[in-house]
Amino acid sequence: MPILLDDIDLSTAAVTHKAADPKFFSSKLTGSGKKTGLLNESLLPINTATNTAYALGNDIEVKQSSTQHDITTSSIPLAPITRRALNAGGSFTLPAPHVDDRFVVDTTTSRHDDWDVLLDMTPQALMLYEDKSGDRPTRDLVIQYRMELYFFKKGLPEPERATLVSPTAGYGNHDAAVLLQWDTSPLENAREFVEEMLARAGLTGSNLDDLDEWLRAYPIYERITRLAEIWDSEAIADEVCRYIADMPASPTQDQLNMLAVQLRYLENYNVPLEAYRSIHRTLEQTFSDQVAATLSKQNLSLLMNHTLGHLEQMKPQLTVPAAPASPPALPAHLSKQQLDALTTHEPLVMTQAGAGTGKSTVILERIKYLEACGVPAGDITVLSFTNAAADNITEKNPNVGSMTIARKIIDIYALNHPTHKVSAIDTIINSIDIFYPNNQLAAQFRTRLLEVDQNKTGAFTALNTFVEIHFDAVIALLNRIQQTSLELQIIICYQRIDDMAEPAHVQSQYLIIDEVQDNSVFEFIYLLKYITKHAQSLFIVGDASQTLYEFRSANPRALNTLEGSGVFATFRLTTNYRSNQEILDFANVVLGGLETNQFANIQLQANSLVAPTADSFQQKVTLDHHEVTRLRDFVNQDLQPLVRNVVVPQYVDECLDRGEQVAFLAYSRREVAVIQEALEKKYPSRHVASLVSERVYSTDIFSKYIKLYWNDVLQVLPGNAAFVVSQGIKDNMDKLTKNAGSPNVEKAILRAISEWWIENSPTINGWVALCNQGALPHETFFDRLRDNLLSFEIQRTQKKLNINKQKNQERKRKNLETKADLVVSTIHGAKGLEFDNVVVLYKEDTTMSQDTKRMFYVAFTRAMNSQYVLSYGTAKNPPIQSSYERIVNALTERDKKNTLRAQGIDPDLLDDDSNDDAAGTGAVDDGAVVGQAD
C-alpha cells in the first residue's frame, strides 16, 4: 500500500510558521552578523552613500528596479502604510512603541511638564544602488526612517495608540499624539527634530545626549524583520483595517483616493489570503456598496474577493445538471476521489488535482456524465490553457465547445470591435506617439501600457482603473489607431461584460476549465464575472502548486483564494497514476514546503500496493550533489563533463539498455543547450529530441521609424518615399533597436524591409501613379503610406507568432510521438508530460523562492520509473541532501520494524536501547496509510 513518511514534516504548520527575515522584501537584504551583508550589525541609521546623488526624498510605493549606465537602482517599500497615506490628514493613529524599543525623553526640568515624551523609528523604505561601472562593483544602501515622537498626557493610563497630528497644528486636543518626520540620517538629524518639537510644546529634554547612543544601538536588521513578519501574516490586515477604521465617517474624495493608493500598495508583496478577506470585509462594512466596489478594484486580490461575493449571492440561480434517469455506466478504473468530483451536482466545483492524478481523465468523464444527465454536448464548453489541449478535447468530443481562454476573449472582442487588430504593446505605444503627440490623456494611457509591458508591480490594476475612468476616450483612441492588445481586450471585455455581444460558439451553460492555475488573476476575475452574468455551472480543475506562469500574471494564490472562499465545492485528487511511491516520496518533500499547498494539503500517493523500502528508494531516486565555489562556473565548466562521464555511464546507459527513454530537464534554455551538446557528442548515432520552443520577438521598427523620422519622408515626392523609408531604417538601426550590432538582428531587419516592399510595392506604386495624375493629394498618399507600414508591422508580428506557435506544437508532437530515446527540455516545456526516466538539473539555494520550488516540484513529478537529480550549490549539507537522507533513514527504520514483525516481535514493545538506530529519526508509523489502490 502507498505509505507517506510521517517523519518528514509536510504539515501546513511547517509552511505557515516559517521565519520571516529581510529577504522577504529582497534577496539582496542579507547580513545580521557583525560585518558581512547589507544589514550587518555595524550598519547605522545614517546616509553614508558615496555618491551624493543617491538619495531618498519621496515616498516609495512600488517595488521596482532599473539599470542605467551600469548602475542598478532598486526601490523597496518596507512599512505597511505609505508615507502619503499617513500625510493625507484625518485622525489616523499609530501604535504606542514597545517599552523595549522607545527612547524616553526626560522633560522633568521643564516648567510645563505635563507630557511623557517618547521617540521611536520605523524603516519606511530603502533604495539600493549597485554600481558595476568600475573595476570593483560597489553597493550603497539608503534607508528612509519614519521618526515618531509621541506625547502622552501624564496621569492617564498609557494608550495603545496615538493620534497622528501635524507639527504645525499642535496636539493640545489629544491625550495621546504622535508627530512624524521622514529622514535618511536620523543619527545626524533626530536630535534637531526632537528639540524643535519640544520647543513648540514649551519643553526641553535633559537627556538628549543619550540619544546618540540609542540611535547607534538601533537594530536595523531586527526592525526590518518585524516589518517582514507583518507583511507575511494576517497582521498586515490589522494595519490596513485600522487605517480604514481611522478614516472619518464621511471621508473626502482625496482621502478615498489615498486609501485606493494604499490598497494598490499591497500588491508589492504576497499578502496572505486571509488578510485580503479581512480587508475586503472591512471595506464592505465601512463603505457603501458603490464605494466598496470601487475600492476593491484597486487591488486584484480584493477584486477577486469582491467578485466571489457576487458569485456567491448568485449561486442559487446557477445552472445544475438534472439527476440522470438511470445511473450511467462509469469506467471501473476510476477512483472514489475521481468519481466524487466528476459526478457532483454542485453548480461551482473546484478539483485540486496533484501531479499525475488524472486531471484529463476527470474532465473527459465529466463531459460524458453531463451528457448522461441530459445535457447536450453543445451546451458544454471546455477552456484550456494551450491550443494543443483544446485540440485534444475537440478530437475526442467534436460537439463540445473547446478553446483557450484567450481565444474566447479574442472572439468576443472581435465581434464588438472588428476594426481593432491585435498588436504588440510596443507598436501601440509608438502609434499613440504618432497620432496623439500632444494629448495629455493619451500620454497617461501610454504610461499605463508601458508599465504593463514592463511587468511592473500593480501595472495591470492601474491600467484597468484607467480604462474604467476614461472608457469612451480609450475606445476612441483605439478606433483611431485601429489596434488593441491581449491585455486591453480582457480589460475592455470585463468593463463592458453586460453590454457586449457574444458569438454563438462561445456560449454554453456548462463551463469546464482545465489547468486553471496557469491563468492570470484577471482572467480568473473575468471568468467569475462571466459565470455570474450567464448563471452558468462552473467546473474547474487545477493544481496551485504547479503554477509556472507568474511572468504572465498567473498567481498561485488565486486558486487558493477560490478554495478558501467556501463558495466552491472542493475535491482533491491525490492518487498518482504516473510515478512509483519512491519518486512521489521525494516529490512530497518539495510539495510540503509550498505555500500553495496550505489549503489543498495534497500529499501524492502512488496507485500501487507495493510499499517502498530503503533499497528501492535509492535504486529509483538518485541524488548526485556537487558542492561548488561559484554557481556560474558549474554550468560553464562542470556540467558537460559530469553528464558525459558520470550521469551517462552510471544512469543513462542502463535506462537505454532497458529500452527506456531518458529526459533531461533544466530551468534555463542555456542549461538545456549545454546538456544537449554533451548528449549529442556522447551519442552521435542517436536523435536527441528537444522540446524547447523557439522564441519570437515582435518588431516595432516601422512604427518607431514613423515616430522618429517621418518628417524626413514628408520632405520628398511620393515616388521617392518608399526608398527613403527603406534607406532611413537601414541608416538608423542603432536608434530603432537595442541590438543593432547583432548580425542576426540586422539581417532580420533587412529581411523585414524586403518583405514589406515585395508585398506592398504594387499598391504603393498605384498610389504614386494616382499622385502623378493629380487624382490623389500628397497628404492622403503619405497618410496611406504611414498606415500601410503600421498595418504591415502588426500583421507580420502576428503572422510570425502564429507560425512559430504552430511549428513549436508540431515539433513537440512529433518528438513525443516518436518517443525519442533522449529528450531535453526546460521544466516549463515539460509541464503536463511524462517520461520513463528523468534527469533533473537542480540548483540548490537555501533561500529558494516559492516559484522556484513549484518549478522543481513539477520537474520531480515527470518520471514514471526512476529519476536522477544532478544537484549543485555552494552550501554544505544542503536541504535537498538532508531531506534525501531523512527519507532513507526513515525507510531503513521501517524496514527494521517490518523484519521484527515478520519474526513475530512487536517493535513498539522494545525499549529504546534495543532500537538505537531509530533514535532521532522519527520512526515511521505503519498506520500512516493514506489510500488504497483503485
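Small disclaimer: the values here were computed from a predicted structure and weren't measured.
Contact of the Leu538 side chain with the Tyr510 side chain is not registered, since no non-hydrogen atoms from C-beta on lie closer than 4.5 Å. When side chains are defined from C-beta on, Val349 does not count as touching Phe568, because their heavy atoms never get closer than 4.5 Å. By the 4.5 Å heavy-atom criterion applied to side chains, Tyr276 and Val271 are counted as neighbours. For the pair Ile380 and Asn399, the minimum side-chain heavy-atom distance is 4.5 Å or more. Residues Met304 and Phe524 have side chains in contact (heavy-atom distance under 4.5 Å, counting atoms from C-beta outward). Ile410 places a side-chain heavy atom less than 4.5 Å from the side chain of Leu486. Contact annotation: the side chain of Ile491 approaches that of Phe460 to within less than 4.5 Å [non-hydrogen atoms, C-beta and beyond]. Counting heavy atoms from C-beta on, the side chains of His280 and Ser296 come closer than 4.5 Å.
A donor-acceptor pair under 3.5 Å is absent between the side-chain atoms of Glu239 and the main chain of Ile236, judged by distance alone. Remark: the backbone N or O of Ala85 is paired with a side-chain donor or acceptor of Tyr243 at under 3.5 angstrom. Using modelled atom types, no side-chain atom of Gln262 and backbone atom of Met258 make a donor-acceptor pair closer than 3.5 Å. Judged purely by atom type and a 3.5 angstrom limit, Gln507 uses its side chain to pair as donor or acceptor with the backbone of Glu502.
By the 4.0 Å N-to-carboxylate-O rule, Glu793 lies too far from Arg796 to be salt-bridged with it. With respect to Glu61 and Arg264, no salt bridge is recorded, no charged nitrogen being found less than 4.0 Å from a carboxylate O. Ion pairing of Arg446 with Asp433 is present here, as a side-chain N (NZ or NE/NH1/NH2) and a carboxylate O approach within less than 4.0 Å. Of the charged side-chain nitrogens involved, none lies within less than 4.0 Å of a carboxylate oxygen, so that Lys315 and Glu312 do not count as a salt-bridged pair. Checked for salt-bridge contact, Lys336 and Asp340 meet the test: a charged N lies under 4.0 Å from a carboxylate O. Using a 4.0 Å cut-off between charged side-chain N and carboxylate O, Glu468 and Arg496 make no salt bridge. Of the charged side-chain nitrogens involved, at least one lies within less than 4.0 Å of a carboxylate oxygen, so that Glu365 and Lys368 count as a salt-bridged pair.
Side-chain contact, Ser288 with Gln290: no donor N or O sits under 3.5 Å from an acceptor N or O. With hydrogens and angles left out, the side-chain atoms of Gln64 and Thr457 include no donor and acceptor closer than 3.5 Å. Side-chain atoms of Ser278 and Arg281 include a donor-acceptor pair closer than 3.5 Å. His420 and Asn479 share a side-chain donor-acceptor pair at under 3.5 Å. For the 3.5 Å distance criterion, the side chains of Asp787 and Gln482 fail to qualify, holding no donor opposite an acceptor. Judged purely by distance below 3.5 Å, without hydrogens or angles, the side chains of Gln536 and Ser508 pair a donor atom with an acceptor atom. Side chains of Tyr530 and Lys408: a donor-acceptor N/O pair is present below 3.5 angstrom, by distance only. Thr461 and Glu267 share a side-chain donor-acceptor pair at under 3.5 Å. When only modelled atom types and interatomic distance are considered, Gln483 and Ser431 share a side-chain donor-acceptor pair under 3.5 Å.
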Mind running side-chain contact (heavy atoms from CB on, under 4.5 Å) on Val474 and Phe466 for me, showing each step along the way?
-> CA-CA 9 Å; Val474 168; Phe466 182 90; 4.0 Å; yes

In sequence, state the C-alpha distance, the side-chain angles, and the governing distance for Phe571 and Gln352, and then conclude on side-chain contact (heavy atoms from CB on, under 4.5 Å).
-> CA-CA 6 Å; Phe571 298 88; Gln352 286 274 33; over 6 Å; no

Step by step, would you call Val541 with Leu573 a side-chain contact (heavy atoms from CB on, under 4.5 Å)?
-> CA-CA 10 Å; Val541 181; Leu573 304 182; 5.6 Å; no

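Taking the ring axis of Tyr494 as reference, the NZ or CZ atom of Lys529 stays within 45° of it and closer than 6.0 Å to the ring centre.
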